2 protein chains.
Amino acid sequence: MLHEARDVEGGAADGAGEVGSGHAPRPGPLVREAAGLQITPVIMVGGAGTRLWPLSRRSRPKQFHALLGNQSLLQTTAERVGGSAAAANFLPPIVVTGEAHAAMVREQLEGRPLGRLVLEPLGRSTAPCAVIAAVLAGAGDPEALILLLPSDHFIADAPGFRRAVAEAAPAATAGALVTFGVRPTRPETGYGYILAQGQGAVRPVERFVEKPDAATAAAYLADGRYFWNAGVFLMRADRLLEEMGRYRPHILQSARRALEGAQEVEGALRLDREALEACASESLDYAVMEQTTRAVMAPIDVGWSDIGGFDALWEAAAKDAGGNAVSGDAVLVDTRGSFVSSDGPTVAVLGGLELVVVVRDGVVLIVPRDRAQDVKKVVDELRTRGREDLL
Amino acid sequence: MLHEARDVEGGAADGAGEVGSGHAPRPGPLVREAAGLQITPVIMVGGAGTRLWPLSRRSRPKQFHALLGNQSLLQTTAERVGGSAAAANFLPPIVVTGEAHAAMVREQLEGRPLGRLVLEPLGRSTAPCAVIAAVLAGAGDPEALILLLPSDHFIADAPGFRRAVAEAAPAATAGALVTFGVRPTRPETGYGYILAQGQGAVRPVERFVEKPDAATAAAYLADGRYFWNAGVFLMRADRLLEEMGRYRPHILQSARRALEGAQEVEGALRLDREALEACASESLDYAVMEQTTRAVMAPIDVGWSDIGGFDALWEAAAKDAGGNAVSGDAVLVDTRGSFVSSDGPTVAVLGGLELVVVVRDGVVLIVPRDRAQDVKKVVDELRTRGREDLL
């Protein structure tokens, strides 16, 4: 299905009539070879970004916000694997999103070639999503490469990222399931780690490691063989389906059924709700990557951040001489190392040291930067108080 | 002028026709004795309250805000010396205010007996103001007692304050110039001090002391003979004029002239601008109290605060178990000793320790409580940036 739209110039599959119309050349190994490396990006538009409340809200989560620069994280993700610089190696992406956010995705990706827009009536994490993308991308060519990537991460060095993907492609083509590992720059306790062997561009995974405590994280950092699990994967469509069938046959089956029962809705593919409800919600990491013997890790050093909280956002943002990252109308006096963002009201901070101040849609959040990871506590408290209007 | 309105029940002199109409009995020592103690309060409605920005603004300074409870500081001041409990000893007050705030004063004091409303086309501190009040209050009875008091202070124990005034009245009647001294509760560096002799209800002033440094303030606190200068004065009208003539003849002359050239404006007395411009701007402390040999101090211990900043406001406000003073829509998590006030937006504070957060009219201020005295730095910065709209 998707493949048929691949070579249509600027051809987002936004009209049911064009899909399967047969006008586009049927792609296969020959086409892929001629055009060089041909990878189908799968942009997974999920996640709530709770730790970025009140900037990230249920109605407009993290990935739809221009957190850094003028484009949203979703838009920079699409640009990373779909801009003119990426055109040589990447096909139009498959985008998978919650049904509630379909309009926002369309709006933000307007004007970009879109391989397929897949709508989930309910969220089921990344494993079912990967199955659906593999089935779609592998329809014309079972060995098609898919690059699964979250829509809410930041990468400073997009060309570097594309190079790393290109370098990992031969291994993926040969049948490996590639996960990308970020070299740690601090003893982070909020991420899972990957322990890999050797020094190559692609390294056999020894094991995946759960989020460590502070002491363990410091040891990982010192060790040098541990990498952050970035949640970005490159693999052949058929290999993914094969491994899923081996380790999570139920997910494979339910996800396939959700796709088989899908309906065309304004050019998008709306997955079958009942089948999806019956499907386990599991991450691709747990379901496949931690089980398979084919996992390899490709190290990347490209200014990656999951923008997992205001501390990470401050870290990635441009800062003034006082180390303050400021957007909107703000007056800072005797203030250092702070993140201040307002969508309107004037924010005056006096004597602020490493503070986070966010003003959005009639809500003001104040938290020390070193407590930024606990913002979900505020969200929990609001939920307890029945303040759903603010979430 | 004022005296003629004294015994008119609820008779605010808000109509020029009533003033000097001769229907009220002419008061004198006899009348004063019969009615008990008769003091004319002079409420001085001045000051910008810059350190309470953005709550206090040029268009609506500190004294017009309900900072504690439901009434504004001006209203509680008027109630302190004008409510039914005060009726036995206090005549309707003379209120002196800047012309720009006349409407706000009228609105907030509506329904209260008003001795006289005096409008200043420009501010000239308290010495000229005292002269004008003394001339007005002493018109019928030169020995009339006037109680000069700022409109922007807070006193928790109003009956205690009235008792202290009554106890100091004999000394004032005998010709002393009484200043009220607050027993210090902390080594405050923001106030002037009074060193007084002895232990009585009224004590000879040894000297007035400028704002001390921290070490000196600590020594004063330990010494026990030093009191905070509250800027509240009780004296005979004639004595004030006499002492002013002795130490500041020019102020006496200019202030008299400003009154002589005054115009009736909607029942208020608008002072002559030119005469006022020619008058030196000086406080009653500097002009008279620090010069005269007749100064005595009456100690008060009545929960006084000048609400000179958000630290003082927090101190005086009701607090929850975590020591947080909160008004408006706020969610506090792991937050202690903080002052949070919002006029609309929801404020969420996580991990806030001794913070001040104020949201008013589209402005958000954040400052550690121990830097609250520096809020004027923000105001200065805004002025430098030409953001007069926010002041």
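Not measured: the values here are computed from a predicted model. Residue numbers start from 1 in every chain, and the chains themselves are labelled A, B, ... in the order their sequence lines are given, proteins ahead of strands.
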Region of B:Val333 that comes under 4.5 Å of a non-hydrogen atom in chain A: side chain
More than 12 heavy atoms of other groups within 6.0 Å of B:Arg383 CZ: yes
A:Glu110 atom CD, neighbour heavy-atom count above 12 within 6.0 Å: no
Side-chain touch A:Arg387/B:Asp329, heavy atoms, less than 4.5 angstrom: yes
Heavy atoms from other residues, nucleotides or ligands near CG of B:Asn70 exceed 12 (cutoff 6.0 Å): no
A:Arg58 CZ: over 12 foreign heavy atoms closer than 6.0 Å: yes
Nearest heavy-atom neighbours spanning A:Arg385 and B:Leu332: NH2-N, 4.3 Å
Atom OH of B:Tyr286 with >12 non-hydrogen neighbours under 6.0 angstrom: no
Separation between OG1 of A:Thr346 and CG of B:Leu390, rounded to the nearest 0.5 Å: 4.5 Å
Atom group of A:Asp370 that falls short of 4.5 Å from chain B, counting heavy atoms: neither
B:Arg124: side-chain hydrogen bond (donor to acceptor under 3.5 Å, both in side chains) partners, not counting sequence neighbours: none
Side-chain heavy-atom pair B:Arg371, A:Asp334 within 4.5 angstrom cut-off: yes
Indicate every side-chain donor-acceptor pair of residues 356-369 of chain B with a distance under 3.5 Å to a residue at least two apart or in another chain.
{"residue": "B:Arg360", "atom": "NH1", "partner": "B:Ser341", "partner atom": "OG", "Å": "3.1"}
{"residue": "B:Arg360", "atom": "NH2", "partner": "B:Ser341", "partner atom": "OG", "Å": "2.9"}
{"residue": "B:Arg369", "atom": "NH1", "partner": "B:Gly337", "partner atom": "O", "Å": "2.8"}

Largest heavy-atom contact set with chain A, pairs under 4.5 Å, which of B:Pro345, B:Ser342, B:Ala372: B:Pro345
Engaged part of A:Leu353 at the chain B interface, taking heavy atoms whose separation is under 4.5 Å: neither
Sorted by number, residues from residues 44-53 of chain A in contact with chain B (heavy atoms, under 4.5 Å): A:Trp53
Heavy-atom neighbours of A:Asp389 CG exceed 12 at 6.0 Å: yes
Any residue of residues 307-327 of chain A which, by heavy atoms, sits under 4.5 Å from chain B: none
